[in-house]
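Please read the structure below before turning to the comments.
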2 protein chains.
Amino acid sequence: MENFEKSRGGRPRAFDPEAALDAAMHLFWEHGYEATSLAMLREAMGLTPPQIYNAFADKETLFRRALVRYHEKEIGFALDALSAPVPVKEAIRLLLMGAAEAYTRPGKPGGCLFISGALAASPQAQGIADELKTYRKATEAAIAARLAKGREAGELPADLSVERLAKYLTGVMHGMSIQARDGASAEDLRALAETALAAWAAEVRQAADAKGGTDAGPVLHD
Amino acid sequence: MENFEKSRGGRPRAFDPEAALDAAMHLFWEHGYEATSLAMLREAMGLTPPQIYNAFADKETLFRRALVRYHEKEIGFALDALSAPVPVKEAIRLLLMGAAEAYTRPGKPGGCLFISGALAASPQAQGIADELKTYRKATEAAIAARLAKGREAGELPADLSVERLAKYLTGVMHGMSIQARDGASAEDLRALAETALAAWAAEVRQAADAKGGTDAGPVLHD
DNA sequence: TAGGTTTCGTATCGATCACTATGGAAAATT
DNA sequence: AATTTTCCATAGTGATCGATACGAAACCTA
């Protein structure tokens with residue numbers, strides 16, 4: 001596993017590319033893509049500009065590599081939760097609770113890089129914003145897929161809209177990310193997740209009630 | 001109302017400051033504070049740099065004025081909903097449905113300026129990020145206040161945590177803002193809000209059940 | 001050791017950033 | 001009309017942006 005990249009002759013690198021990438025990832029996570037200057041990266045990575053550009057091509061490539069590393073190293077909880085051999089409700093619970101922990105990890109920036117990285121961007125960085133949107137959409141799609149699997153397994157009402165519920169759950173995670181940025185604690189986020197999960201029960205109950213013929217009408221219209 | 005600022009002699013302005021501020025607000029809304037350059041502002045506002053600086057001091061002051069204008073002109077729905085003479089549940093419903101509409105208004109950038117403006121920022125723009133956080137926290141506090149008022153009116157269980165519920169509802173609004181940025185339609189957001197409001201009913205029911213002595217246990221643990 | 005290859009450190013590159021000095025033009029005041 | 005005051009347009013300011021040119025240094029192969 002070590003020395004994966006074969007030496008092709010020439011002077012060897014005087015730094016660890018993965019450690020440098022980690023430093024860059026944390027900086028992007030904290031300040032976003034455009035607001036992170038090369039001067040800041042240089043200091044955090046402990047490298048000179050030519051070292052950075054030789055190893056990572058340019059700032060945009062460095063950011064995209066940081067996204068991949070973030071996806072692999074920081075938010076594995078999401079894939080773990082959605083692929084866990086548990087009922088769909090428990091899987092979603094693991095997902096939200098994992099987010100509560102990952103978004104408030106000590107020593108790490110609050111929230112999710114896929115949101116903080118570039119919600120708004122200059123026209124020049126539109127491609128970066130689009131890339132992040134793609135990551136967010138992939139999460140939503142993964143949630144929808146897990147919900148659909150649960151529905152097919154009979155764990156959810158057959159007439160439940162998984163797309164709609166996935167949008168809600170993704171939105172809740174996004175909201176948790178911003179709350180984390182605003183200083184919410186892991187416990188705050190867990191409480192938020194609990195309330196969000198209560199909606200799940202209500203939504204399912206509502207669908208089940210409608211199915212059973214005892215339609216109680218819109219839940220909130222009283 | 002017109003000619004509010006008295007002429008103090010000298011050559012009058014050749015442009016409408018409010019129209020220029022509107023243009024700046026939309027640009028900040030779309031691209032965020034730091035990613036909006038003066039060149040972009042100059043073109044969108046139809047002004048020369050000295051005109052901008054004479055009227056608005058500097059970029060930061062211009063942005064803060066844009067925030068005030070946004071608060072007054074674009075998201076009045078929030079204050080309207082929270083101060084409407086209706087039961088608290090209906091007020092919150094108005095709030096979320098108002099957000100669904102405001103975040104997807106045709107011809108306007110998606111989402112909320114208070115979120116898109118600067119979730120992440122460079123160290124130099126930390127003050128701007130803090131200012132936006134203050135606006136977000138004010139919304140959360142206003143929601144909590146309305147919930148507390150409803151609780152005192154007997155519309156909510158006495159043991160309900162308004163802070164916790166306010167954090168959830170604020171988080172949902174934040175999530176709606178990001179979903180809007182990612183292309184969600186007003187109908188998508190209304191559906192998201194409906195699901196979020198179902199959580200409300202579940203949470204209240206849960207508290208009421210616990211109060212009534214028929215504790216059914218955590219809703220989702222089955 | 002000679003040749004080839006890659007990275008190293010130093011010193012920048014042009015472009016763009018937010019911002020302003022300057023001087024004349026236009027309107028209000030006297 | 002004379003004076004004062006403010007705004008206008010032109011043309012730039014120094015600073016920082018992302019990204020490099022250059023030649024020396026350090027490795028490999030032969």
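By convention in this document, chain letters (A, B, ...) are assigned in the order of the sequence lines, proteins followed by strands, and residues within each chain are numbered from 1.
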Which whole-number value in Å describes the distance from K59(B) NZ to dT16(D) P? 15 Å

Consider the side chain of R11(B), meaning its heavy atoms from C-beta on, and name the nucleotide among dC17(D), dC7(D), dA11(D) that approaches it most closely. dC7(D)

Just the rounded figure in Å: distance from P of dC17(D) to CD of E60(A). 18 Å

Expressed in angstrom and rounded to an integer, what is the separation of F63(A) atom CZ from dG18(D) atom P? 13 Å

With a non-hydrogen cut-off below 4.0 angstrom, is F15(A) in contact with a base, only sugar-phosphate, or nothing? sugar-phosphate

Between dT7(C) (C1') and F56(A) (CZ): distance, integer Å: 14 Å

Gap between atoms CG and C1', on L47(B) and dA9(D) respectively (whole Å): 12 Å

Carboxylate-amine/guanidinium contact R69(A) E74(A), below 4.0 Å: no

Whole angstrom is fine here: how far is it from NE2 in H31(B) over to P in dT16(C)? 17 Å

First encountered from the 5' end of DNA chain D, between A14(B) and R42(B): A14(B)

Under 3.5 Å: donor-acceptor pair, side chain of H31(A), backbone of A121(B): yes

Closest to the S37(B) side chain: dC7(D), dC17(C), dA11(D)? dC17(C)

Could you work out which one of dC17(D), dG18(D), dT10(D) sits closest to the side chain of Y53(A)? dG18(D)

When all nucleic acid strands are considered with a 4.0 Å heavy-atom cut-off, which category describes P12(A): base, sugar-phosphate, or nothing? sugar-phosphate

Checking all strands, does S122(A) fall into the base, sugar-phosphate, or nothing category for heavy-atom contacts under 4.0 angstrom? nothing

Under 3.5 Å side-chain donor-acceptor pair for T170(B) and R136(B): no

Examine K59(A) relative to Y33(A) and say whether NZ or CZ is less than 6.0 Å from the centre of the six-membered ring and inside a 45° cone about the ring axis. yes

What is the distance, to the nearest angstrom, from the CE atom on M40(A) to the P atom on dC17(D)? 9 Å

Under-4.0 Å side-chain N/O to phosphate OP1/OP2 contact, Q51(A) with dT7(C): no

Report the relative orientation of the aromatic rings in Y70(A) and F114(A); use parallel for angles under 30°, tilted for 30 to 60°, perpendicular for over 60°. perpendicular

Testing dC17(C), dC7(D), dA11(C) for proximity to the side chain of R13(B), the answer is dC7(D)

Closest listed nucleotide, where the reference is the side chain of P50(A) and the choices are dG9(C), dA19(D), dT7(C): dG9(C)

Over how many whole Å does the gap from L41(B) atom CG to dC17(C) atom P extend? 11 Å

